[in-house]
Student: 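Can you read through this structure? Questions will come right after.
Note that the structure is predicted; figures quoted are calculated from it, not measured.
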Amino acid sequence: MQKKIEYPALVEQMHAYLISRGINNVSKLTLFNEMVKDGMINKNGQPTAKALENGLIEAADYNDLNPIQQFKADYPQFSAVPDKFFQVDEQNNVLIGFKGFAWYASRLINDENASIQELNATKQILALYKQRGLTDQSEQQANSLIESIDRLSSAK
C-alpha cells in the first residue's frame with residue numbers, strides 16, 4: 001500500500017501551477033527540496049523571511065482573498081483548476097461544476113504520485129455527479145474517467 005506524503009501548501013500550490021503551465025515532469029519531493037535549497041521555504045514548509053522580503057513568495061491575508069482563492073488555499077489540490085470552473089453561491093460557498101472536477105480528475109489520473117485513496121475519492125465524487133444527472137457527453141466523460149481510475153487502482 002502506497003503511503004500518502006503530505007506536502008506543505010506552498011509546494012502543492014507551486015506543483016499545481018507548474019502542471020497548469022504544462023510542466024508535469026517535476027515531482028513534489030524534488031520541488032520541496034529545491035524550494036528549501038533556494039531559500040524559498042524552510043524545512044517545515046513555511047516561507048522564509050528572505051523569500052517574503054524579495055517577493056518570491058507573497059504573504060496574503062486569508063480574509064482578503066475572494067472565496068475561490070480561500071477555497072484553493074484550503075484545498076491546494078484544486079489550485080490549478082481554472083477559476084472559471086468554480087461558482088460562489090449566496091452563502092459564499094464555493095462550488096465546482098462537473099467540467100472543473102473532470103479537469104481535476106484527468107490531471108490526478110495522470111499524476112504518478114496520486115494515491116489509491118485520492119483516486120477512490122475522486123471516483124466516488126464522479127459517481128455522485130452521475131447520480132445527480134449529467135448530459136450524455138458529460139456522463140460518457142465521467143464513465144471514461146472512472147474506467148481509468150479502475151485500471152490505475154488495479155495496477156497499484
Side-chain angles (χ1 to χ4, degrees), residues 2-130 132 134 138 141-142 144-146 148-149 152:
Q2 181 179 353
K3 289 190 176 187
K4 170 83 169 130
I5 298 173
E6 296 275 337
Y7 288 96
L10 288 171
V11 174
E12 293 283 356
Q13 290 168 2
M14 178 66 87
H15 189 257
Y17 173 79
L18 292 174
I19 288 173
S20 74
R21 298 291 183 245
I23 303 168
N24 53 15
N25 60 345
V26 178
S27 73
K28 291 178 188 176
L29 178 59
T30 299
L31 191 56
F32 173 81
N33 289 332
E34 288 297 315
M35 290 175 78
V36 170
K37 185 177 98 180
D38 292 343
M40 294 176 72
I41 59 174
N42 63 25
K43 64 182 180 179
N44 297 318
Q46 298 301 312
T48 63
K50 172 188 160 192
L52 292 168
E53 290 166 4
N54 293 322
L56 298 175
I57 295 175
E58 188 176 304
D61 184 354
Y62 184 82
N63 294 323
D64 289 340
L65 301 175
N66 71 42
I68 294 172
Q69 292 169 326
Q70 287 178 356
F71 178 86
K72 288 181 173 185
D74 291 339
Y75 304 98
Q77 67 268 34
F78 292 105
S79 62
V81 178
D83 287 357
K84 69 181 180 179
F85 292 122
F86 294 93
Q87 295 176 351
V88 180
D89 69 11
E90 305 81 36
Q91 291 84 32
N92 268 350
N93 295 314
V94 176
L95 312 169
I96 184 169
F98 174 75
K99 288 181 181 181
F101 193 78
W103 191 96
Y104 163 76
S106 65
R107 269 130 193 97
L108 182 66
I109 288 167
N110 292 315
D111 183 349
E112 64 189 35
N113 296 314
S115 70
I116 295 291
Q117 292 82 6
E118 287 175 304
L119 292 167
N120 286 336
T122 300
K123 179 181 170 180
Q124 289 174 345
I125 294 170
L126 288 167
L128 286 173
Y129 275 110
K130 285 178 57 176
R132 293 185 177 163
L134 295 170
S138 292
Q141 185 179 14
S144 175
L145 290 166
I146 289 169
S148 294
I149 290 170
L152 284 171

Student: CD1 of Ile125 to CG of Asn120: how many Å apart, nearest 0.5 Å?
Tutor: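 Ile125 CD1 to Asn120 CG: 11.5 Å, rounded to 0.5 Å.
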
Student: Counting only pairs under 3.5 Å, give me each side-chain donor-acceptor contact of residues 92-102, with atom names and distances, residues two or more places apart or in other chains.
Tutor:
| residue | atom | partner | partner atom | Å |
| --- | --- | --- | --- | --- |
| Asn93 | ND2 | Asp89 | OD2 | 3.2 |

Student: Using 0.5 Å steps for rounding, measure from the OG1 atom of Thr122 to the CD1 atom of Ile109.
Tutor: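 Going from OG1 on Thr122 over to CD1 on Ile109, the span is 8.0 Å.
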
Student: Could you tell me if the side chain of Val88 sits less than 4.5 Å from the side chain of Phe71, heavy atoms only?
Tutor: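 The answer is no, as the side chains (C-beta and beyond) never meet within the 4.5 Å cut-off.
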
Student: Hey, can you tell me if Phe78 and Tyr104 have their rings parallel, tilted or perpendicular (30° and 60° cut-offs)?
Tutor: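 Judged by the thresholds at 30° and 60°, the geometry between Phe78 and Tyr104 is tilted.
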
Student: Shortest non-hydrogen contact from Ala80 to Ala16?
Tutor: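 The answer is CB-O, 3.2 Å.
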
Student: Compare all side-chain heavy atoms of Leu18 with those of Leu31 and state whether any distance is below 4.5 angstrom.
Tutor: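 In short, these two side chains touch, coming nearer than 4.5 Å.
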
Student: Determine the minimum heavy-atom distance between Lys130 and Ile146, stating which atoms define it.
Tutor: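 Taking every non-hydrogen atom into account, CD-CD1, 4.0 Å.
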
Student: Backbone N or O of Val26 within a donor-acceptor pair of the His15 side chain at under 3.5 Å?
Tutor: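 Pair found, side chain donor or acceptor close to backbone of Val26.
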
Student: Please round to the nearest 0.5 Å and tell me the distance separating atom CD of Glu12 and atom NZ of Lys28.
Tutor: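 It is 3.5 Å, given to the nearest 0.5 Å.
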
Student: Any side-chain heavy atom of Gln141 sitting closer than 4.5 Å to one from Leu134?
Tutor: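 They are not in side-chain contact.
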
Student: Excluding sequence neighbours, so at least two apart, what forms side chain to side chain contact (heavy atoms under 4.5 Å, CB included) with Asp38?
Tutor: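 Applying side chain to side chain contact (heavy atoms under 4.5 Å, CB included) to Asp38 gives Glu34, Met40.
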
Student: Indicate the atoms forming the closest heavy-atom contact of Ile149 with Lys123, along with that distance.
Tutor: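 Distance-wise, the nearest heavy atoms are CD1-N, 3.9 Å.
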
Student: Looking at OG of Ser148 and CG of Leu108, how far apart are the two atoms once the value is rounded to the nearest 0.5 Å?
Tutor: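 Between atom OG of Ser148 and atom CG of Leu108 there are 11.0 Å.
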
Student: Mind checking whether Pro8 and Asn44 have side chains closer than 4.5 Å, heavy atoms only?
Tutor: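 In short, these two side chains do not touch, never coming nearer than 4.5 Å.
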
Student: Atom CD of Glu118 and atom CG of Leu152: how far apart are they, to the nearest 0.5 Å?
Tutor: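 Result: 12.0 Å between the selected atoms.
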
Student: Under a 4.5 Å cut-off applied to non-hydrogen side-chain atoms, are Asn110 and Ile19 in contact?
Tutor: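 When only atoms from C-beta onward are counted, Ile19 and Asn110 do not touch, as no gap falls below 4.5 Å.
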
Student: Give, for atom CG of Leu126 and atom OG of Ser138, the distance between the pair rounded to the nearest 0.5 Å.
Tutor: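 Rounded to the nearest 0.5 Å, the CG-OG separation comes to 11.0 Å.
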
Student: Under the 3.5 angstrom rule, does the side chain of Lys72 hit a backbone N or O of Gln13 as a donor-acceptor pair?
Tutor: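 Between the backbone of Gln13 and the side chain of Lys72 there is no qualifying donor-acceptor contact (under 3.5 Å).
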
Student: With side chain to side chain contact (heavy atoms under 4.5 Å, CB included) as the criterion, how do Ile23 and Tyr17 come out once you've worked through the C-alpha distance, each side chain's angles and the decisive distance to 0.1 Å?
Tutor: CA-CA 9 Å; Ile23 303 168; Tyr17 173 79; over 6 Å; no

Student: Please report the closest heavy-atom contact between Pro47 and Leu10, naming both atoms and the distance.
Tutor: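 That would be CD-CD1, 3.7 Å.
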
